[in-house]
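Beneath this line is the structure, given in structure tokens, with notes to follow.
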Amino acid sequence: MAQNDPTDTGGLFIGRRPGTAPLRYRKRPDAPDNKRRRIDAVLAGTILVVETLLCATLWGPQPAAWLWLGSQLYHETDSIGLAILLAFAGMLTTILGTLAIAMRLDRVWKILRRASGHEQQSGVIERIFVISMAVAGVAFLIWFLVIQGPGSDIAPR
């Protein structure tokens with residue numbers, strides 16, 4: 001009979017859940033050489049750049065492209081409802097798809113950071129997302145208040 005049989009303890013599982021024991025290796029894994037660690041570090045840096053660029057597209061290029069497609073559909077069909085549906089459904093789909101890709105890249109980045117000798121516990125996707133959101137917000141405010149301008153009250157044309 002198994003050691004974690006619930007009939008031994010009156011139906012209660014007492015102790016560790018099955019499959020949650022710490023991993024025990026037979027011997028300590030061999031440490032990679034410095035060349036391999038440098039390659040892993042460069043790959044991790046490249047993935048970090050790609051992840052940052054993906055998050056940067058969430059705030060400008062993707063919504064603008066879908067709004068443009070919606071405007072083209074409105075021009076062709078004269079149906080504003082269909083154009084709005086296309087634009088927002090497309091935005092939602094591509095933004096969620098981009099975030100799914102970025103999350104997978106973040107997992108790969110963590111593995112590569114560990115392989116390059118860093119004690120990487122968590123990913124960086126949250127920080128990249130928040131920083132890209134803040135940069136996009138500041139850029140929008142500069143465009144809205146300075147470049148496009150609020151009108152003739154502050155700077156007459």
Minimal non-hydrogen separation, R37 against G117, with atom names:
NH1-CA, 3.9 Å

Distance-minimising heavy-atom pair for R113 and Q120:
NE-OE1, 3.1 Å

ring-ring contact (aromatic ring centres under 6.0 Å, His included) pairs touching residues 111-136, sequence neighbours excluded, are W59-F129

Is it true that W109 and V50 fall in one hydrophobic cluster, defined by side-chain heavy atoms closer than 4.5 Å?
yes

Distance-only criterion, 3.5 Å: show the donor-acceptor pairs between side-chain atoms of residues 134-141 and protein atoms not counting sequence neighbours.
none

As an exercise, state the distance from [atom1] of [X] to [atom2] of [Y], rounded to the nearest 0.5 Å.
X	Y	atom1	atom2	result
L54	S132	CG	OG	10.5 Å
I39	K35	CD1	NZ	5.5 Å
L73	D78	CG	CG	10.5 Å
L53	E51	CG	CD	10.5 Å

Name all residues meeting the side chain to side chain donor-acceptor pair (under 3.5 Å) criterion together with [X]; count only those two or more places apart in sequence or in a different chain, and write none if there are none.
X	result
E76	none
E126	none
Q72	none

In a table with atom names and distances, give each donor-acceptor pair under 3.5 Å that connects a side chain of residues 40-47 to protein atoms at least two apart or in another chain.
| from | atom 1 | to | atom 2 | distance (Å) |
| --- | --- | --- | --- | --- |
| D40 | OD1 | R36 | NE | 3.4 |
| D40 | OD1 | R36 | NH2 | 3.0 |
| T46 | OG1 | V42 | O | 2.9 |

Could you pull out every donor-acceptor pair under 3.5 Å between side chains of residues 80-106 and any protein atom, sequence neighbours left out?
| from | atom 1 | to | atom 2 | distance (Å) |
| --- | --- | --- | --- | --- |
| T93 | OG1 | A89 | O | 2.7 |
| T94 | OG1 | Q62 | OE1 | 3.3 |
| T94 | OG1 | W66 | NE1 | 3.1 |
| T94 | OG1 | G90 | O | 3.0 |
| T94 | OG1 | M91 | O | 3.3 |
| T98 | OG1 | Q62 | NE2 | 2.9 |
| T98 | OG1 | T94 | O | 2.7 |
| D106 | OD1 | V124 | N | 3.0 |
| D106 | OD1 | I125 | N | 3.4 |
| D106 | OD2 | V124 | N | 3.4 |

By salt bridge (Lys or Arg N to Asp or Glu O under 4.0 Å) - contacts of R107 (at least two apart)
none

